[in-house]
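Notes follow the structure.
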Amino acid sequence: MRIYNTLTQQKEAFKTLEPGKVRMYVCGMTVYDYCHLGHARVLVAFDVVTRYLRHRGYDVHYVRNITDIDDKILRRADENGEVYTDLTDRMIRAMHEDEAKLGVLSPNEEPRATAFIDDILAMIQKLIAGGHAYAADNGDVYFAVESFPDYGKLSKKKLEDLVAGARVDVQEAKRSPADFALWKAAKPGEVSWQSPWGEGRPGWHIECSAMSTKCLGDTFDIHGGGPDLLFPHHENEIAQSECATGHTFVHTWMHAGAIRVNKEKMSKSLGNFFTIREILEKYPAEVVRYFLVSSHYRSQVDYSEDNLAEAGRTLTKLYHALRGIVPAKEADVAETDHDRRFAEVMDDDFNTAGAIAVLHAVANDINHHRREGDEEAAKRSAAVLVRLGAVLGLLQQDPEAFFQADTGSELTAQDIEAMIQARADARKAKDFAEADRIRDDLLEKGIILDDSREGTIWRRSQD
RNA sequence: GGCGCGGUGGCAGAGUGGUUAUGCAGCGGACUGCAACUCCGUGUACGCCGGUUCGAUUCCGACCCGCGCCUCCA
């Protein structure tokens with residue numbers, strides 16, 4: 001299979017360091033607020049990567065960190081008047097809830113920065129000993145960017161340009177404007193840890209270097225993250241890690257695309273920032289996931305009401321194919337052309353859009369078989385649809401649960417069943433005016449009826 | 001200014017040197033008491049200008065437009 005590597009800017013044949021094993025690290029959240037759609041994109045993108053690699057037979061060890069000490073966390077905790085650990089505990093819980101709803105599998109390890117202070121200190125000391133970092137007079141420790149000739153290899157930036165164009169206010173303690181903090185001296189009253197350079201706390205970049213190499217070794221296969229982490233975060237991680245260990249840090253760098261909202265960049269200043277929980281109040285979680293997966297993970301994606309509504313209609317169609325069918329037992333269904341086609345497109349840098357086209361082809365097969373009355377064939381195709389859906393984290397619900405999930409409407413399932421019965425009676429009496437009145441009444445309340453030979457079934461509108 | 005990405009049919013969104021993406025929406029038909037679901041059929045594409053080629057949406061160059069990063073940010 002081939003994966004686009006940000007480092008080389010091209011798709012490369014994927015080769016693991018150790019046969020059959022993939023070691024992957026993804027930069028996770030800084031837990032000072034609820035996760036937003038951009039986080040969801042990264043979460044889902046690498047969830048699909050993990051699921052597909054496992055589907056492909058790889059033993060994937062997935063590590064995603066939590067940054068639980070940081071300026072923003074301390075500031076927010078201060079604003080709230082709470083202990084910072086209360087804030088981070090709460091946000092981590094919320095994050096896990098959001099993830100679960102979106103069908104994101106838990107990573108194998110979820111290291112928290114505050115649990116790795118010793119490793120961080122050890123790495124900083126190594127860097128100082130190697131001449132790659134220095135303790136400044138103010139108690140901070142900085143990485144000396146000029147000590148790493150490869151600096152800029154990921155983001156394709158030249159050090160001269162960075163230094164010349166540095167917008168950062170001149171930090172007198174730094175030897176060069178491009179240098180960045182590995183350790184920050186504590187301000188009075190701030191939470192801090194002991195270090196050889198006095199009380200302080202780790203800089204953001206070093207946390208990821210320390211946690212990733214501790215969990216996965218000096219060199220590992222895949223490192224992923226959001227598009228805006230490419231520089232400086234990931235660039236700095238490479239510098240720190242390679243200077244500290246003397247080895248290549250990562251083979252394949254993967255970056256997800258950005259989220260936009262109604263053609264504008266999603267940002268707090270524009271007021272178009274959506275948290276996952278806000279969105280889940282309006283749309284079923286699986287619809288949000290479908291929306292995210294329906295375009296390539298590297299492309300920029302535009303969040304809008306229209307796009308989500310369309311995702312809902314399309315997912316509805318796929319679930320319709322599965323409705324009223326008990327899929328054949330997975331083990332009884334051999335690999336099909338659809339499975340092969342699915343693997344072919346996913347092998348090409350996780351082309352989920354192409355994979356979804358395969359899902360539609362399978363759904364089409366199911367519908368055909370049902371029309372022709374071939375229940376067994378339909379059941380086998382349904383099994384294929386469910387197993388391929390699983391690789392994308394889709395179509396794993398009972399169709400009825402998907403169609404009838406209570407979205408907080410005024411009608412309960414019982415109310416609806418009663419009205420359907422009343423309509424059935426009216427139809428039997430050929431009172432179609434009354435039957436249609438009931439159906440229209442339900443439609444107004446977001447309930448759609450489907451008549452079939454076996455009777456009438458209902459679903460809640462996805463729009 | 002530096003680095004990078006992209007412009008595909010009404011919309012969303014893959015892909016390809018010559019042959020169907022796929023989905024949503026639309027239109028016609030079958031099914032239905034009428035619908036819904038489903039099936040069949042159907043239209044509209046590859047920013048602009050050059051070049052390479054027997055042939056380019058697909059490769060090369062210029063141009064126009066949009067976007068991201070360069071500062072904490074997924």
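Every value quoted in this text rests on a predicted model; they were computed, and no experiment measured them. So you know, we letter chains A, B, ... as the sequences are listed, proteins then strands, and number each from 1.
- The separation of B/U19 from B/G51, taken at their C1' atoms, amounts to 26 Å, rounded to a whole angstrom.
- A/Phe180 and A/Phe143 have parallel rings, their planes meeting at less than 30° on a 0 to 90° scale where 60° marks the start of perpendicular.
- In terms of phosphate contacts, A/Asn307 brings no side-chain nitrogen or oxygen within less than 4.0 Å of OP1 or OP2 of B/A12.
- Rounded to the nearest Å, the gap between the P atom of B/C39 and that of B/U22 is 13 Å.
- The separation of B/A14 from B/A21, taken at their C1' atoms, amounts to 6 Å, rounded to a whole angstrom.
- Between the side chains of A/His255 and A/His234, at least one donor N or O sits under 3.5 Å from an acceptor N or O.
- The pair A/Arg75-A/Asp71 fails the salt-bridge criterion, with no side-chain N (NZ, NE, NH1 or NH2) lying under 4.0 Å from an Asp/Glu carboxylate O.
- Taking the C1' atom of each, B/A25 and B/G10 are spaced 8 Å apart, rounded to whole Å.
- If you check every strand for non-hydrogen atoms under 4.0 Å, A/Arg439 touches a base.
- The P atoms of B/C3 and B/A62 are separated by 14 Å, rounded to the nearest whole Å.
- A/Asp348 places its CG atom 18 Å from the P atom of B/G13, with the value rounded to the nearest Å.
- The separation between A/His296 atom NE2 and B/A12 atom C1' is 16 Å, rounded to whole Å.
- B/U20 and B/G13: their P atoms are spaced 23 Å apart (whole Å).
- In terms of modelled atom types and a separation under 3.5 Å, the side chain of A/Arg277 and the main chain of A/Tyr34 share no donor-acceptor contact.
- Comparing B/G26 with B/C64, their P atoms sit 40 Å apart, to the nearest whole Å.
- With 3.5 Å as the limit, one finds no donor-acceptor pair spanning the side chains of A/Asp70 and A/Thr67.
- Remark: the separation of the P atoms in B/C24 and B/U38 is 8 Å, to the nearest Å.
- By the ring-ring contact (aromatic ring centres under 6.0 Å, His included) test, A/His55 pairs with A/Tyr52, sequence neighbours left out.
- Crowding of A/Lys101 atom NZ: a count of heavy atoms from other residues, nucleotides or ligands under 6.0 Å not exceeding 12.
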- Message: Return a single string for nucleotides 17-25 of chain B, one symbol per nucleotide in 5' to 3' order, where B is base contact, S is sugar-phosphate-only contact and - is none, cutoff 4.0 angstrom on heavy atoms.
- Response: ----BSBSS
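- Remark: A/Asn351 is in phosphate contact with B/G15, judged by side-chain N or O atoms under 4.0 Å from OP1 or OP2.
- Proximity of A/His255 to the phosphate of B/G4: no side-chain N or O atom is located under 4.0 Å from OP1 or OP2.
- Counting to the nearest Å, the P atom of B/G10 and the CG atom of A/Asp306 are 16 Å from each other.
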